[in-house]
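What follows is a single structure, written as structure tokens, with notes after it.
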Amino acid sequence: MDKALKEITPKSEDFSQWYTDVVKKADLMDYAPVKGFIVIRPYAYRIWEFIQADLDARFRATGHENAYFPLLIPESLLTREAEHVEGFSPEVAWVTIGGGEVLSERLAVRPTSETIVGAMYARWIQSYRDLPVLINQWNSVVRWEKSTRPFLRTTEFLWQEGHTVHRTEDEAVREAEQQLEAYRGLMQEVLAIPAVSGVKSAGERFAGAVETYTLEALMGDGRALQAATSHFLGQNFSKAFDIQFLDEDGALKYGWTTSWGASTRLLGALIMVHGDDRGLRLPPRVAPIQVVIVPIGKGGERAQIVEYCHALKKRLDPSTRVMVDDRDEFTPGYKFNDWEMRGVPLRLEVGPRDVAAGQVMASRRDGGAKFAIVSSELERAVSVVLDEIQHSLYAQALANLKAGSWEITDYQEALARDRRGFFYGDWCGEEACAAHLQEETSMTIRCLPLGLSPALTGCAVCHQPSRHRVVFARAY
RNA sequence: CGGGGCGUAGCGCAGCUUGGUAGCGCACUUGCUUUGGGAGCAAGGGGUCGCAGGUUCGAAUCCUGUCGCCCCGACCA
């Protein structure tokens, strides 16, 4: 009866297979000829464009501008900041031949751009009057990962990386925090994904950062996904790249820098947080098609009904993204399943009975029975329902986050729950404990949530005195 | 890098044990009938069986080598 189940493996049976089925069947991606690379197909790319548009507006509103820095970075530049090199060099791809000749210096395909941006900033900044520098770029980076998964971890991925320089430490820290807040806003208001804001432990910090702020979201299988990060880099990079300015007091000082990024991994989060056994469920604000109208009719009346559907679409344009599925070669039942798999938030069915009654039948992708909308109410009703779906998806995700969050005093309690979820516990602050935990359970410290103090129940690993409240989880 | 799985039509697979001129389902094309939860009938098109050697009268099938991909771990956005 439910033939969607024929094509998509149920989440409960095999979450990983479910994810692969959904990304393939909903035409979100395809595997590229080179291992670890994927093609982002139009439907998924459109979602990415909505994410870009929203983030870009937030960045602009806080004074940032877009620019573009080169793909290739000379080895000598990449290796200038010690921790940074150590962190990234294992996964860098190198260009060694150009124009048929072996290059005198290897060129790295950027794994991230702090180094080349830093080198350029050093040339552009002389005075405190040149600060702050607030630049973002939309690009792709390459990290040669051992194991890849569509959207979640691919060798090349699309993202934005912001790079800023500030006159004071305080201003740079505030910048890093402000950008984290921009990401949180995107996730909550647009992607309908709740997340835990926090800072990374020293062991989990970005290579070369003083502080890494993170947003950790809980996926449907109880694993954590780092959705976006924002780094306060202190003066590590300004010292490595000589980003100095003459301050008002006549002293030559190093700038304080930040960097922050969010990637197409957010698409993976979107799929895993909202999807169900029938496929995708897209929040209206990022749905390429928000409303699909399916005409139902046979023989001579069909043409008339299709025309009627197009008239309805016209009424809803341009405030809503509407599609009339007037394909002749598929039955209504096929179309219902097809659009459900693709996550379209709202479906309107129009048959002869509806035309006669002056109404349409509506079906929400976020659950519930079909209901009728009186034709004269259409514009208002669609707008209200889309808004409700946006909020209900967030509410469902928030409920899942809460249901998957546990307070523990010993990490064994997490094992009892099969390590599924966010486990809030105390930590002594020793990396040895974090390492031991990872060894034993493959769980890591996802973050030290902002605003939480230790419960003073002792480290959940070694039971020595508590220093921090942390979230333990298995991560993607 | 360890473990597992798989390479045969666009996709999913069978055929391989026991060698004999390549098959099924879906998809695709055309026509007719259909359309309120994945339509039916009919007629079609499409494959150097991952690659390279070898054995043999003859290899998708047996042997050797090789390449690639997927999944699960460890490392990482």
Side-chain angles (χ1 to χ4, degrees), chain A residues 1-9 14-21 24-25 30-38 86-92 111-112 140-161 183 200 203-207 212 214-217 224-231 259-269 278-279 294-302 305-306 325-341 347-355 360-361 363 370 438-439 442 444 474-476:
Chain A
M1 182 179 98
D2 197 340
K3 289 173 183 156
L5 302 183
K6 268 199 322 200
E7 299 192 0
I8 299 175
T9 307
D14 183 344
F15 190 87
S16 182
Q17 189 58 48
W18 167 84
Y19 179 81
T20 307
D21 287 349
K24 285 281 287 179
K25 301 259 192 294
D30 200 358
Y31 294 102
V34 181
K35 175 182 161 62
F37 288 77
I38 62 168
E86 199 187 326
F88 280 105
S89 60
E91 49 192 32
V92 170
T112 180
S140 74
V141 290
V142 167
R143 298 180 188 175
W144 219 267
E145 303 283 358
K146 304 243 194 295
S147 158
T148 59
R149 309 202 54 195
F151 298 118
L152 299 173
R153 174 166 295 104
T154 48
T155 305
E156 178 188 20
F157 57 93
L158 303 184
W159 75 344
Q160 56 67 219
E161 47 176 325
Y183 294 133
K200 288 290 186 185
E204 295 280 330
R205 231 172 249 153
F206 176 76
T212 288
T214 180
L215 287 164
E216 300 285 328
L225 186 78
Q226 177 176 306
T229 48
S230 179
H231 315 288
S259 68
W260 26 276
S263 73
T264 37
R265 170 180 269 190
L266 286 169
L267 293 172
R278 306 183 75 83
V294 179
I296 301 162
K298 46 186 154 186
E301 66 191 2
R302 192 185 140 73
I305 289 167
V306 167
D325 187 357
D326 55 7
R327 290 177 296 177
D328 200 26
E329 65 271 31
F330 295 114
T331 60
Y334 178 92
K335 292 175 184 175
F336 297 166
N337 286 291
D338 197 42
W339 293 114
E340 280 168 9
M341 185 174 71
R347 179 179 73 238
L348 302 179
E349 306 171 13
V350 181
R353 296 203 294 271
D354 301 306
V355 175
V360 301
M361 291 305 294
S363 174
K370 290 185 189 179
Q438 183 164 5
E439 183 77 18
S442 78
T444 49
R474 281 207 299 161
Y476 269 100

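Side chains included, hydrogens not; waters and symmetry mates left out as well; all remaining heavy atoms used. The sequence lines fix the lettering, A, B, ..., with proteins before strands; numbering per chain opens at 1.
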Quick one: the side chain of [X] and the base of [N], do they pair up donor-acceptor inside 3.5 Å?
| X | N | answer |
| --- | --- | --- |
| A/R474 | B/G73 | no |
| A/K335 | B/G36 | no |
| A/E340 | B/G37 | yes |

Under 4.0 angstrom, heavy atoms only, what part of the nucleic acid is [X] near: base, sugar-phosphate, or nothing?
| X | value |
| --- | --- |
| A/L225 | nothing |
| A/T154 | base |
| A/R302 | base |
| A/E91 | sugar-phosphate |
| A/G297 | base |
| A/Q226 | sugar-phosphate |
| A/K25 | nothing |

Could you pull out the closest heavy-atom pair between [X] and [Y], with the gap in Å?
| X | Y | value |
| --- | --- | --- |
| A/L266 | A/A227 | CD2-O, 3.7 Å |
| A/F88 | A/P111 | CD2-CB, 3.9 Å |
| A/R265 | A/Y476 | NH2-O, 4.0 Å |

Using purine N1 to pyrimidine N3 plus N6-O4 or O6-N4 for Watson-Crick, or N1-O2 and O6-N3 for G-U wobble, both under 3.5 Å, which nucleotide pairs with [N]?
| N | answer |
| --- | --- |
| B/G31 | B/C41 |
| B/G7 | B/C67 |
| B/U55 | none |
| B/A60 | none |
| B/U48 | none |
| B/C24 | B/G12 |
| B/U17 | none |
| B/C1 | B/G73 |

In this structure, how many angstroms lie between the [atom2] atom of [N] and the [atom1] atom of [X], rounded?
| X | N | atom1 | atom2 | value |
| --- | --- | --- | --- | --- |
| A/K24 | B/G12 | NZ | C1' | 11 Å |
| A/F206 | B/C75 | CZ | C1' | 17 Å |
| A/I296 | B/G38 | CD1 | P | 12 Å |
| A/R205 | B/C75 | CZ | P | 19 Å |
| A/D21 | B/G12 | CG | P | 11 Å |
| A/R327 | B/A27 | CZ | C1' | 14 Å |
| A/W159 | B/C76 | CH2 | P | 16 Å |
| A/E439 | B/G73 | CD | C1' | 13 Å |

State which of [options] makes the closest approach to the side chain of [X].
| X | options | value |
| --- | --- | --- |
| A/T20 | B/G36, B/C71, B/G73 | B/C71 |
| A/K146 | B/G36, B/A77, B/A74 | B/A74 |
| A/T331 | B/C76, B/A39, B/G36 | B/A39 |
| A/P352 | B/A77, B/G36, B/C71 | B/G36 |
| A/F336 | B/U35, B/G37, B/A77 | B/G37 |
| A/N337 | B/C76, B/G36, B/G38 | B/G38 |
| A/F157 | B/G73, B/A77, B/G37 | B/A77 |
| A/Y334 | B/G38, B/C71, B/G36 | B/G38 |
| A/R153 | B/C71, B/G37, B/A77 | B/A77 |

Rounding to the closest angstrom, what is the interatomic distance between [N] and [M] at atom [atom1]?
| N | M | atom1 | answer |
| --- | --- | --- | --- |
| B/C57 | B/A52 | C1' | 23 Å |
| B/G73 | B/A60 | C1' | 34 Å |
| B/G7 | B/C49 | P | 15 Å |
| B/U21 | B/C16 | P | 14 Å |
| B/G3 | B/A9 | P | 29 Å |
| B/C41 | B/C24 | P | 16 Å |
| B/C62 | B/U17 | P | 5 Å |
| B/G65 | B/G47 | P | 33 Å |

Does A/F157 have A/R143 sitting over its ring (NZ/CZ under 6.0 Å from centre, angle to axis within 45°)? no

Classify the ring geometry of A/F15 against A/W18: parallel below 30°, tilted from 30° to 60°, perpendicular beyond 60°. tilted

Tell me whether the OP1 or OP2 atom of [N] has a side-chain N or O from [X] closer than 4.0 Å.
| X | N | result |
| --- | --- | --- |
| A/S442 | B/A74 | yes |
| A/Y31 | B/C71 | yes |
| A/Q438 | B/C75 | yes |

Is it the case that the side chain of A/T212 and the backbone of A/F206 share a donor-acceptor pair, with hydrogens and angles ignored and the cut-off at 3.5 Å? yes

How do A/G36 and A/F88 order along RNA chain B: which one's closest nucleotide is nearer the 5' end? A/G36

Comparing A/Q17 and A/R265 on RNA chain B - which has the more 5′ nearest nucleotide: A/Q17

Would you sort out whether A/K146 and A/E91 count as a salt bridge (charged side-chain N to carboxylate O under 4.0 Å, His left out), showing the intermediate values? CA-CA 9 Å; A/K146 304 243 194 295; A/E91 49 192 32; over 6 Å; no

Close side-chain approach of A/M361 and A/R353, heavy atoms under 4.5 Å: no

Go through the side-chain N and O atoms of A/E156 and A/S140 and say whether any donor and acceptor fall under 3.5 Å apart. yes

Enclosure of A/E86 CD (heavy-atom neighbours >12, cutoff 6.0 Å): no

